[in-house]
Amino acid sequence: MADDLILICAVADVPENDVIGASANGHPLAVYNVDGDIYATDDLCSHGNARLSEGFLDGKLIECPLHAGCFDVTNGAPCTPPVEHPVRAYTLLL
Ligand code: FES
């Protein structure tokens, strides 16, 4: 299973209560720091062509910069319209 482990960034690279863009083998990810807890999801919004890493983090919700739909960064679940489909959330080893 060690082949599935990918280094995406250092925890210190993610400012507290903020989001950054990262990459895992070329796959774009959004990495979040929520009060010191780190989460990662796909960076591409499930509603359109927008990067969640360019959105606005409010607690555990990331607001998409294009149409303001929100996702729960802890599990990728859609929380507010217009998003209906989740984004993939990833398990992180810190
Ligand atoms: Fe993200 Fe529409 S592209 S909410």
Side-chain angles (χ1 to χ4, degrees):
M1 291 299 167
D3 291 341
D4 295 329
L5 296 176
I6 301 169
L7 179 64
I8 56 174
C9 67
V11 170
D13 293 341
V14 192
E16 189 157 334
N17 299 313
D18 205 350
V19 55
I20 66 167
S23 153
N25 289 343
H27 182 85
L29 299 175
V31 184
Y32 313 90
N33 180 333
V34 180
D35 294 328
D37 295 325
I38 306 297
Y39 303 95
T41 69
D42 282 339
D43 198 9
L44 184 64
C45 180
S46 63
H47 181 253
N49 189 20
R51 291 188 177 274
L52 297 177
S53 61
E54 296 173 359
F56 310 98
L57 186 64
D58 182 11
K60 65 178 187 174
L61 298 182
I62 183 70
E63 181 182 287
C64 176
L66 191 53
H67 303 120
C70 290
F71 299 89
D72 183 329
V73 305
T74 68
N75 58 19
C79 295
T80 62
V83 294
E84 298 178 344
H85 304 289
V87 289
R88 184 172 177 185
Y90 295 90
T91 300
L92 301 177
L93 295 177
L94 303 175

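In each ligand, atom 1 is the first atom listed, and ligand 1 is the first ligand listed.
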Under 4.0 Å to a heavy atom of C45 - the qualifying atoms of ligand 1, by number: 1 (Fe), 3 (S), 4 (S)

Is there a donor-acceptor contact under 3.5 Å linking the side chains of D37 and Y32? no

Would you call H27 and D42 a side-chain contact if the rule is heavy atoms closer than 4.5 Å? yes

Out of all atoms in ligand 1, which are within 4.0 Å of some heavy atom of L66? Include the element for each. 3 (S)

Nearest N/O/S atom of H67 with respect to atom 2 (Fe) of ligand 1, by atom name, please. ND1

Closest non-hydrogen contact found for T41 with V73 is CG2-O, 3.8 Å

Any atoms of ligand 1 less than 4.0 Å from a non-hydrogen atom of V83? List them with their elements. 4 (S)

Atoms in ligand 1 with a heavy atom of C64 nearer than 4.0 Å: 1 (Fe), 3 (S), 4 (S)

So which of the N, O or S atoms of H47 lies nearest atom 2 (Fe) of ligand 1? ND1

Any idea which atoms of ligand 1 are less than 4.0 Å away from a heavy-atom of G69? 4 (S)

Would you check if there is a donor-acceptor pair between the side chains of N17 and N33 at a distance under 3.5 Å? no

Give me the atom names and distance for the closest heavy-atom approach of V83 to C45. CG1-SG, 3.9 Å

Strictly below 4.0 Å, N to O, side chains only: are D43 and R51 in salt-bridge contact? yes

Under 4.0 Å from a heavy atom of G48: give me the atoms of ligand 1 that qualify, with their elements. 3 (S)

